[in-house]
Amino acid sequence: LGSGSSGNAMVVETREGRLLVDAGFGIRELERRLRAVGVSPSALDAVLLTHEHGDHCRAARRLAQRYRLPVYASAGTLFGAGLRGLERAIEIRPGQAFELLGLLCEPVLLPHDAHQPVGVVLEDRSGRRLGLIADCGRLAEPAWSRFLDLETLVVEANHDLEMLRTGPYPWALKRRVAGPLGHLSNREAADGVASLAGDRLRQVVLYHLSRTNNLPALARAALSEELVRVGCHAQLVLTEQHATTAWLQVDPELTRPGGT
Ligand SMILES: [Zn+2]
Ligand SMILES: [Zn+2]
C-alpha cells in the first residue's frame, strides 16, 4: 500500500482472507489506499504488526476497533504500541510459527531499535513463501537464514550510505540509521539478497526507501548488480511512499510437487 519513512503497509491476500501487514498510515489514508487496490477495509481479516514505530502501526488501534480485527504482534510490540489492552490483541512469539488465513506465519526477531521487532515468513499450503524484512539494522544470523527459499522477498533498502553521510540528517540520527539497530543500506540489502537468492526467488520488492537519503535509481542499481552477479533472475520491484504498488502474485507456477 506504500512504503517509506513516513508510512508502511502491505496486504497479503490468500484464498482464505486478507492480512494487513503493518498499518503505518493515518486511518483515512490507509482506507483510501486499500480501496485504491480494490480492497474494502471491511474485507480485511487480520492485522500483523512488525514493530511499534509509528510508520508501521499508526492506524492499528483505530483500524482494529473500527473493523473488529484481531491484531497479531509480539509482546514487545503490543507493549510499545500501547495495544496490550486491545480486545483482540494476539501475542506472537519470534521463532514460533502459527496459522493464519491459510498461511503458516513465522515471526523472525530482527535487529532494530524497537522493543521486539519482527520480520515474517508467510508460507501457503502449496509451499509458496513470501518473506518481509522491514526495518532491520544489519544482516545477522540466525535471523537472516530464516528467509531462505522464498518466492518473494520484500526487503528494506533504506539508504545509500554516501547520501546518508553527506545528507542533512543530524549526526546522531545518521549514526542511528546506519547503526546495527537502524536500517539496511542499499549495499547491505544487496549483500543480503545475494546470500538468499536461490532458484526459487522470483521477486525482490524493495521496501522503506528513504526520500532524503536514497534514490530509487541507486537502490535499483545496487540490487540489480548483485542479482546479476549471483545469476539470479528475480524481478526487482520498487515500492513508493506516495503511491500504491500493483498487486504481485507469489509465483503461481511454482507449486511444488506434493503441495495441496
Ligand atoms: Zn522502525
Ligand atoms: Zn519504519
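Whatever order the structure lists ligands and atoms in, that order sets their numbers, starting from 1. We count residues from 1, following the sequence as given.
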Per-pair distances, 0.1 Å, donor-acceptor, side chain in residues 177-189, under 3.5 Å, sequence neighbours excluded:
from	atom 1	to	atom 2	distance (Å)
H183	ND1	E156	OE2	2.5
S185	OG	R187	N	3.4
S185	OG	E188	N	3.0
S185	OG	E188	OE1	3.3
N186	OD1	N214	ND2	2.9
N186	ND2	N214	OD1	2.9
R187	NH2	D191	OD1	3.1
R187	NH2	E226	OE1	3.0
E188	OE1	S185	N	2.8

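- Within the protein, the N, O or S atoms sitting under 2.8 Å from the Zn ion (ligand 1) are H51 NE2, H53 ND1, H112 NE2, D135 OD2.
- Put simply, the side chain of E162 never gets that close to the backbone of T166: no donor and acceptor are under 3.5 Å apart.
- The local environment of CD in E225 is sparse, with at most 12 non-hydrogen atoms from other residues, nucleotides or ligands closer than 6.0 Å.
- Atom OH of Y169 is surrounded by more than 12 heavy atoms from other residues, nucleotides or ligands within 6.0 Å.
- Partner R129 forms a salt bridge (Lys or Arg N to Asp or Glu O under 4.0 Å) with one of E106, E123, E151 and no other, that one being E123.
- Atom CZ of R32 is surrounded by more than 12 heavy atoms from other residues, nucleotides or ligands within 6.0 Å.
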